[in-house]
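Labels below follow one simple rule: chain letters A, B, ... track the order of the sequence lines, proteins then strands, and each chain is numbered from 1.
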There are 2 protein chains.
Amino acid sequence: MTASITDVARAVGVSASTVSRALRGRPGVSDEVREQIAAAAASLGYTASRSASSLASGRTLTIGVVAPFVGRWFFGTVLDAAENEFGAAGYDVLLYNLGSPEARKRFFTKMPVRKRVDAVLSLLVHDEDEADALRSLRVPLATFWTAPRPGFTVVGIDDRAAAQSAVRHLVNLGHRRIGMIGGTSGPLHWTTPVERRQGYLDVLADAGIPHDPALETDGGYTVEGGERAMTELLAAPRPPTAVFAQSDEMAMGALRALRLHRLKAPDDMSVIGLDGHELAEVLGLTTIAQPVAGQGTEAARLLLRQLEEPDAASPGHVQVPTRLILRDTTAPPQPRGPQ
Amino acid sequence: MTASITDVARAVGVSASTVSRALRGRPGVSDEVREQIAAAAASLGYTASRSASSLASGRTLTIGVVAPFVGRWFFGTVLDAAENEFGAAGYDVLLYNLGSPEARKRFFTKMPVRKRVDAVLSLLVHDEDEADALRSLRVPLATFWTAPRPGFTVVGIDDRAAAQSAVRHLVNLGHRRIGMIGGTSGPLHWTTPVERRQGYLDVLADAGIPHDPALETDGGYTVEGGERAMTELLAAPRPPTAVFAQSDEMAMGALRALRLHRLKAPDDMSVIGLDGHELAEVLGLTTIAQPVAGQGTEAARLLLRQLEEPDAASPGHVQVPTRLILRDTTAPPQPRGPQ
DNA sequence: TTTGGTTGCGCAAGCGTTTGCGTTCATATT
DNA sequence: AATATGAACGCAAACGCTTGCGCAACCAAA
């Protein structure tokens with residue numbers, strides 16, 4: 001088998017406790033012995049068994065990350081950034097990919113992270129039952145894109161303000177008929193769609209533009225949904241001259257719909273997204289960018305801080321800034337647009 | 001603290017060993033007692049400590065997955081699929097995101113997976129030193145997109161054949177000046193760029209088209225690189241009428257370059273990619289699709305099989321099929337193309 | 001009734017660490 | 001010279017499980 005702590009202890013001629021202390025930089029070991037131990041450990045290829053050490057110490061040096069659809073750019077990017085932060089701090093990451101309802105159910109009934117992680121970072125939006133299950137772990141918790149929650153550190157953007165910036169941009173360009181492609185929040189505590197809609201309504205009201213419910217469509221926060229939604233808007237009696245898509249992926253779908261109708265952005269229709277998707281640049285999509293990786297980093301740091309100073313008050317709720325990125329899909333309305 | 005196995009043993013009035021056997025479905029426990037134990041465990045919210053059980057049993061029920069850039073669609077998707085497979089089989093996933101050289105070095109010097117995982121799945125391409133380090137773990141190993149390797153199960157596509165299909169498609173459309181945007185394999189054993197280039201050369205030779213080195217450019221397998229490469233091709237004395245990009249991301253960059261030059265695909269230039277990127281559809285990019293998620297699933301399954309039947313011979317090398325997806329960026333050459 | 005085989009369970013050792021406490025020994029203090 | 005002090009280290013008890021073995025109790029076969 002692989003070398004154990006007693007093997008290196010024997011090699012140096014000291015006790016296992018001394019090896020343990022030496023390797024973890026604890027005091028009580030002379031520099032001379034410390035060096036011998038380090039050398040012996042290296043030559044034996046010794047690595048402490050995480051199982052044994054966490055059993056003995058109670059700390060696992062592991063963070064649980066639960067996420068839906070790791071393959072999607074958005075979640076993958078957050079995960080990527082968070083992992084880097086945890087890894088650099090010496091923590092390992094246990095990943096639970098809970099895209100499917102079965103996986104999610106399995107996770108919350110078996111709770112495989114119990115006694116296995118020192119903290120949990122969740123990219124999911126939880127109902128109260130799930131939140132309670134997580135709280136029962138009694139470890140620091142962090143999550144995203146939701147209203148403040150007891151027991152959780154939550155990070156996100158100011159969705160309402162971000163949407164306002166997007167729509168204001170369209171208004172400033174001179175648009176008066178502005179459509180929206182949004183989504184529903186479902187039964188969960190996912191506040192994003194409602195907040196972004198509110199931002200849209202805010203700006204319309206501010207600009208004295210009457211709200212036309214026919215211009216609000218549901219894109220389900222997917223590319224295909226965005227395509228369907230734009231198709232729907234184009235079929236309206238009086239189509240909009242500009243569209244605010246609540247996410248870049250829906251905006252991409254919308255652009256695709258335009259192409260299929262032989263229309264062009266921004267000549268025939270302005271489109272603005274929200275997210276700052278990496279491929280928005282390729283498409284030349286104007287968007288409100290949120291620091292996606294930045295949010296992963298931020299949440300990870302907050303969690304790490306709580307692990308270092310367990311008594312410090314949890315930060316509760318932090319919001320990161322967004323910014324408008326001007327590209328090629330928005331312009332003043334054309335005298336003769338579609339229809 | 002949280003409940004331990006002795007707590008539930010005491011609650012039922014049996015020994016800890018019986019609880020252990022009952023909960024893991026081992027024989028030697030009557031149905032009656034088994035049910036009582038299950039009930040007690042549920043009511044106490046008991047979950048076995050993974051640290052303790054793996055220390056005692058030697059099995060960790062954990063798979064190590066090492067990957068670069070989890071945020072990129074390609075790797076994220078493979079990871080996503082693999083995690084689902086592992087999760088369904090009852091294994092947890094320890095993720096190591098080794099995008100940066102520092103993270104990579106840290107990983108291979110500290111080897112945090114030693115004694116911590118039952119197998120490792122790597123999305124990285126390793127040099128021999130790294131491969132040896134992994135082999136020293138003495139667990140089943142799997143990796144991707146490289147030549148067969150002792151000790152590893154490797155899954156991938158037939159890169160050469162896939163490239164052939166792509167270029168053949170362009171030839172069949174009537175193109176004779178066909179550019180390529182490729183990449184270098186670097187010092188590693190990443191065979192993809194050379195294989196795909198070989199496929200390109202194969203078809204040219206087959207069609208009796210002389211090979212013009214000026215039409216081969218390096219796009220570094222990134223969007224920006226693809227953009228630069230296409231710009232370079234457009235500036236050539238005699239630009240190509242069609243371009244084969246070795247990856248979809250480079251093809252997207254190429255399309256962007258075309259747009260910036262006020263050129264259009266396929267009218268002014270045909271472009272074909274390779275990968276089957278999720279957003280290739282949005283862009284209408286013709287491509288050779290490889291089953292990205294499928295490869296993650298496949299590798300995970302092969303690994304799981306090795307864990308179940310340790311003595312079965314490892315499958316060595318498996319190749320999954322690719323297919324041409326016709327979309328809107330390829331067409332016969334126009335009588336008056338660019339130049 | 002004895003024998004042999006099963007079934008259901010408990011005992012206790014062991015997995016590889018960490019850590020509180022005790023011991024030794026050298027050095028500093030009176 | 002006697003004593004206190006601290007550094008360096010070893011001992012042994014956890015940590016919470018798994019598992020080989022032993023021991024009753026039971027049933028079937030002889």
**Student:** Mind running a 4.0 Å heavy-atom check of residues 23-30 of chain A against DNA chain C and sending the residues that fall below it, in number order?
**Tutor:** Arg24(A), Arg26(A)
**Student:** Once you round it to whole Å, what is the distance between P of dG16(C) and CZ of Arg10(A)?
**Tutor:** 12 Å
**Student:** Determine all donor-acceptor pairs shorter than 3.5 Å in which one atom belongs to a side chain in residues 295-302 of chain A; sequence neighbours excluded.
**Tutor:**
residue   : atom : partner   : partner atom : Å
Gln295(A) : OE1  : Trp145(A) : NE1          : 3.2
Gln295(A) : NE2  : Gln290(A) : OE1          : 2.6
Gln295(A) : NE2  : Pro291(A) : O            : 3.3
Thr297(A) : OG1  : Ala293(A) : O            : 3.1
Arg301(A) : NE   : Glu85(A)  : OE2          : 2.8

**Student:** What nucleic acid atoms does Arg59(B) come within less than 4.0 Å of, heavy atoms only: base, sugar-phosphate, or nothing?
**Tutor:** sugar-phosphate
**Student:** Using whole Å, report how far CD of Glu32(B) lies from P of dC26(D).
**Tutor:** 14 Å
**Student:** Within the distance-only criterion (no hydrogens, no angle test), does the side chain of Arg21(A) pair as donor or acceptor with the backbone N or O of Arg26(A) below 3.5 angstrom?
**Tutor:** no
**Student:** According to salt bridge (Lys or Arg N to Asp or Glu O under 4.0 Å), who are the partners of Arg116(B), at least two apart in sequence or on a separate chain?
**Tutor:** Asp92(A)
**Student:** What is the separation between atom NZ on Lys115(B) and atom P on dG16(C), rounded to the nearest whole Å?
**Tutor:** 8 Å
**Student:** Side-chain N or O of Ser57(A) less than 4.0 angstrom from OP1 or OP2 on dT18(C)?
**Tutor:** no
**Student:** Kindly say whether, by distance alone, the side chain of Arg21(B) makes a donor-acceptor pair under 3.5 Å with the base of dG8(C)?
**Tutor:** no
**Student:** Mapping Ser17(A) and Asp31(A) to their closest nucleotides on DNA chain D, which lands nearer the 5' end?
**Tutor:** Asp31(A)
**Student:** Just how large is the angle between the end axes of the helix from dT1(C)-dA30(D) to dT30(C)-dA1(D), five pairs per end, to 10 degrees?
**Tutor:** 40°
**Student:** Does either side chain, that of Ser20(B) or that of Arg24(B), offer a donor lying less than 3.5 Å from an acceptor on the other one?
**Tutor:** yes
**Student:** Check whether NZ of the Lys or CZ of the Arg Arg72(B) lies under 6.0 Å from the centre of the six-membered ring of Phe75(B) and within 45 degrees of that ring's axis.
**Tutor:** no
**Student:** Are the ring centres of Tyr221(A) and Trp190(A) closer than 6.0 Å?
**Tutor:** yes
**Student:** Any donor-acceptor pair under 3.5 Å linking the side-chain atoms of Thr191(B) with those of Thr146(B)?
**Tutor:** no
**Student:** Kindly write out the residues that satisfy side chain to side chain contact (heavy atoms under 4.5 Å, CB included) with Ala52(B), not counting sequence neighbours, or none if the list is empty.
**Tutor:** Leu55(A), Ser49(B)
**Student:** Please determine whether a side-chain nitrogen or oxygen atom of Ser20(B) lies at a distance below 4.0 Å from atom OP1 or OP2 of dT18(D).
**Tutor:** yes
**Student:** Please check if the number of heavy atoms outside Glu32(B) that lie under 6.0 Å from its CD is greater than 12.
**Tutor:** no
**Student:** Give the rounded distance in Å between these two atoms: CG of Asp7(A) and C1' of dT17(C).
**Tutor:** 13 Å
**Student:** Rounded to the Å, how far apart are Leu61(A) CG and dT17(C) P?
**Tutor:** 14 Å
**Student:** Given Thr153(A), which partner from the list Gln306(A), His317(A), Arg305(A) fulfils the side chain to side chain donor-acceptor pair (under 3.5 Å) test?
**Tutor:** Gln306(A)
**Student:** For DNA chain C, which residues in residues 42-56 of chain B have a heavy atom at a distance below 4.0 Å?
**Tutor:** Leu55(B), Ala56(B)
**Student:** Hey, does the side chain of Asn97(B) reach the backbone of Asn84(A) with a donor-acceptor pair shorter than 3.5 angstrom?
**Tutor:** no
**Student:** Could you state the atom-to-atom distance from CD1 of Ile5(A) to P of dC15(C) in whole Å?
**Tutor:** 14 Å
